[in-house]
Amino acid sequence: MSISLSKIKSQRNMSISEAHQRVKDLAWTPDYAQEAIKYPTDYKFSKAPKDTMKQVLQSYFFMEEEKDNRVYGAMDAALRGNMFRNAEPRWIEWMKLFLAIIPFPEISASRSMALLSNVVPNDELKNGYTMQMIDEFRHSTIQMNLKKWYMENYIDPAGFDITQKAFGKCYATTIGRQFGEGFITGDTITAANIYLQIIAETAFTNTLFVAMPSEAAANGDYALPSIFLSVQSDESRHINNGYGTLMMVLNEPENHDLLERDIRYAFWQNHAIVDAAIGTIIEYGTKDRRKNRESYADLWEKWIYEDYYRSYLIPLEKYGLKIHHDDVQAAWDRITKKNYVHKVAQFFATGWPVNFWRIDPLNEYDYEWFEAKYPGWYNEFGVWWDHYRELSKPGSTPIPFADTGYVYPHRCWSCLVPCLIREDFIVDEVDGELYTYCSEQCRWTHKVAFADNYNGRPTPSMGRFSGRRQWEEVYHGMDLADIIQDLGFVRPDGKTLIPQPHLIFDDSAMWTLDHVRGYELRSPLVDLRAMNPDERKKHIEQYRAGFTIKPLN
């Protein structure tokens with residue numbers, strides 16, 4: 001029997017609780033069907049989780065519409081206010097890297113909701129996963145639109161126009177690819193719940209979506225904050241989905257050893273990748289050198305150590321779960337004592353010819369700020385940045401091949417960030433093949449966490465790290481100019497490079513293919529595997545001893 005529109009509109013408003021109950025009663029799978037598990041998990045479920053936020057579409061779409069209106073209104077206002085007249089080019093250039101990476105993890109997160117919906121036996125949370133899927137898709141869309149907006153209005157759009165093609169090809173963005181693929185590969189609960197919801201969203205999105213907007217505004221970019229704060233406001237629902245799912249698997253004691261494995265793996269991978277990328281962009285992409293500005297280490301201590309580790313992770317121990325406190329301490333030490341972020345920034349700048357954005361040399365204000373926030377910074381990095389500035393002129397030896405004393409690093413097989421903390425460098429063998437790692441935690445990830453069993457228990461759903469994962473291996477033995485052409489990092493004239501080691505926009509200051517021809521790139525891993533045992537032992541000892549930057553002549 002049909003019902004008229006007037007009768008529908010005259011019905012009383014339904015409460016959120018009642019709507020939530022009605023939606024749940026609809027169910028996702030007919031009671032006459034047996035659902036096929038398409039995405040496997042080694043976890044066991046004995047109790048259905050709860051959706052404590054009672055999420056329903058009734059209020060969701062109105063809220064998201066309002067946020068979208070504010071996002072696009074802010075972008076229009078920024079353009080009318082001539083934002084790019086005052087925005088710092090140093091910052092906008094690093095957005096070519098950031099906005100090349102970030103839509104991919106968002107889309108991966110959207111896809112991962114299908115994984116959870118397939119295996120989690122609860123219709124309440126499937127509603128939550130549906131809204132999270134729409135959220136993640138929306139995030140990637142508005143981020144892609146921001147990238148287009150930058151491209152149309154910034155003084156040098158080269159790089160923005162190829163970010164989708166460049167993503168996954170450049171020596172730096174492969175790290176971001178490793179981050180996003182973690183949401184959709186391996187065991188479903190490991191990937192979509194622990195790696196994404198429990199670690200990435202609950203612990204690290206503050207650095208991504210709160211610290212980045214703050215720094216953008218400090219550099220005259222008012223568009224990025226409008227978009228990324230709109231993204232961050234969805235995270236509380238995602239965190240709730242993750243916590244509900246976590247409580248479900250925690251209820252089964254047989255899952256505890258897998259949870260311990262996955263929290264350890266996911267925390268370290270998030271630290272290694274997110275801190276490398278976001279820490280570098282925030283510290284080296286800014287021109288804001290106010291003395292009272294918080295450093296990345298300050299933010300990490302506040303949001304990840306205090307808010308997440310002490311308030312969220314440690315309380316899980318009351319459920320009988322073992323938390324690896326030493327890994328959290330090790331991550332903190334890498335940031336504060338071992339200069340992890342600064343070594344990543346040095347590596348990114350070293351590889352400027354094979355990226356697709358400009359990296360600005362540092363100046364005296366930068367030096368002063370870094371030394372104040374990270375005492376001892378100048379002694380370790382100052383002279384190298386002096387070299388970088390001197391070698392930024394076209395016709396100089398490209399800095400990866402210049403005689404500065406810097407030794408091009410090995411790449412970590414697990415996180416894909418190079419092994420930059422030389423004393424922690426590890427070489428080990430898996431299935432008869434040698435691999436290199438940045439840390440003991442990354443060696444354990446490859447050799448133990450992603451093995452075919454864990455603590456004597458078969459783990460067929462976990463997947464494996466395989467393929468030609470290392471960027472350098474792909475281009476081993478090739479000329480630098482040929483690599484750049486293969487990557488497509490050349491401007492429309494067919495000879496001028498998209499990347500430049502400076503912010504000088506005059507054509508006469510631009511590097512071309514002729515400036516970078518004649519330099520052969522080698523893969524440290526390929527060369528290591530070709531060594532005999534004595535040569536390899538000597539090489540590893542020398543690598544762990546580190547290097548000394550030569551004085552600037």
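Annotation: Tyr154 is not in aromatic contact with Tyr150 [ring centroid separation under 6.0 Å not met]. With ring centers used as reference points, Tyr309 lies under 6.0 Å from His325. Here His271 and Phe204 keep their ring centres 6.0 angstrom or further from each other.
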Verdict with supporting geometry, Ser439 and Trp444, side-chain hydrogen bond (donor to acceptor under 3.5 Å, both in side chains) | CA-CA 9 Å; Ser439 58; Trp444 172 87; over 6 Å; no
Working for ring-ring contact (aromatic ring centres under 6.0 Å, His included), residues Tyr296 and Tyr284 | CA-CA 11 Å; Tyr296 188 74; Tyr284 288 82; over 10 Å; no
Apply side-chain hydrogen bond (donor to acceptor under 3.5 Å, both in side chains) to Asn193 and Tyr43, showing your working.
-> CA-CA 12 Å; Asn193 179 237; Tyr43 281 86; over 6 Å; no
Apply the test side-chain hydrogen bond (donor to acceptor under 3.5 Å, both in side chains) to residues Ser117 and Lys126: give CA-CA distance (whole Å), side-chain angles for both, the deciding distance (0.1 Å), then the verdict.
-> CA-CA 6 Å; Ser117 294; Lys126 286 180 182 180; over 6 Å; no
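Salt-bridge check for Glu181 with Arg177: passed, with a basic side-chain N closer than 4.0 Å to an acidic carboxylate O. At a threshold of 4.0 Å, the pair Lys148-Glu152 counts as salt-bridged, since one of the basic side-chain nitrogens sits closer than that to a carboxylate oxygen. Between Arg334 and Asp275 no salt bridge is recorded (no basic side-chain N to carboxylate O distance below 4.0 Å). Between Asp307 and Lys302, none of the side-chain N atoms (NZ, or NE/NH1/NH2) sits under 4.0 Å from a carboxylate O, so this pair counts as no salt bridge.
For the side chain to side chain contact (heavy atoms under 4.5 Å, CB included) test, residues two or more places apart in sequence or in another chain that qualify with Asp486 are Tyr475. Applying the side chain to side chain contact (heavy atoms under 4.5 Å, CB included) rule to Ala191 yields no partners; only residues at least two apart in sequence or on another chain are considered. Here Tyr171 pairs with nothing under the side-chain hydrogen bond (donor to acceptor under 3.5 Å, both in side chains) rule; sequence neighbours left out. In this view, Arg422 satisfies the salt bridge (charged side-chain N to carboxylate O under 4.0 Å, His left out) rule with no residue, not counting sequence neighbours. Every residue was checked against the salt bridge (charged side-chain N to carboxylate O under 4.0 Å, His left out) condition with Glu473, not counting sequence neighbours, and none meets it. Scored by the salt bridge (charged side-chain N to carboxylate O under 4.0 Å, His left out) test, Arg443 finds Asp428, Glu440 as partners (sequence neighbours excluded). Applying the side chain to side chain contact (heavy atoms under 4.5 Å, CB included) criterion to Ile107, with sequence neighbours excluded, gives Arg111, Phe137, Ser140. In this structure Lys44 satisfies the side-chain hydrogen bond (donor to acceptor under 3.5 Å, both in side chains) test with no other residue, sequence neighbours excluded. With sequence neighbours left out, the side-chain hydrogen bond (donor to acceptor under 3.5 Å, both in side chains) criterion links Ser230 to Arg138. Among residues two or more places apart in sequence or in another chain, the salt bridge (charged side-chain N to carboxylate O under 4.0 Å, His left out) test is passed with Glu201 by none. In this structure Leu115 satisfies the side chain to side chain contact (heavy atoms under 4.5 Å, CB included) test together with Tyr39, Thr188, sequence neighbours excluded. For the ring pair (Phe, Tyr, Trp, His ring centres under 6.0 Å) test, residues two or more places apart in sequence or in another chain that qualify with Tyr437 are His446.
Arg411 contributes no side-chain N or O that, together with a main-chain N or O of Trp471, makes up a donor-acceptor pair within less than 3.5 Å. Under a 3.5 Å cut-off, the side chain of Asn127 and the backbone N or O of Asp123 do form a donor-acceptor pair. Looking at Arg264, its side chain never comes within 3.5 Å of a backbone N or O of Thr445 through a donor-acceptor pair. Of the possible donor and acceptor atoms, none in the side chain of Ser108 sits under 3.5 Å from a partner among the backbone N and O of Ile184. Between the Ser295 side chain and the Asp298 main chain, a donor and an acceptor come within less than 3.5 Å of each other. Side-chain N or O atoms of Ser414 include one that pairs as donor or acceptor with a backbone N or O of Cys442 at under 3.5 Å. His139 places no side-chain N or O within donor-acceptor distance of the main-chain N or O of Pro103, the cut-off being under 3.5 Å. Under a 3.5 Å cut-off, the side chain of Ser110 and the backbone N or O of Glu106 do not form any donor-acceptor pair.
Closest approach of Ser233 to Ser236, counting heavy atoms only: O-OG, 4.0 Å. Taking each heavy atom of Ile175 and Leu416 in turn, the nearest pair found is CG1-O, 3.5 Å. Taking every heavy atom of both residues into account, Glu306 and Ser311 meet most closely at O-OG, 3.3 Å.
Residues Thr245 and Tyr129 have side chains that bring a donor and an acceptor to within less than 3.5 angstrom of each other. A donor-acceptor contact closer than 3.5 angstrom links the side chains of Gln329 and Asp333. There is no side-chain donor-acceptor pair under 3.5 Å between His342 and Glu283. Checked by atom type, the side-chain pair Gln269/Gln441 shows no donor-acceptor distance below 3.5 Å. Residues Asn270 and Tyr195 bring no donor and acceptor atom of their side chains to less than 3.5 Å of each other. Thr459 and Asn453 share no donor-acceptor pair across their side chains, judged by distance under 3.5 Å alone.
The cationic atom of Lys147 (NZ for Lys, CZ for Arg) does not lie both less than 6.0 Å from the six-membered ring centre of Phe160 and within 45° of the ring axis. A cation-pi geometry, defined here as NZ or CZ lying under 6.0 Å from the six-membered ring centre and within 45° of its normal, holds between Arg469 and Phe465.
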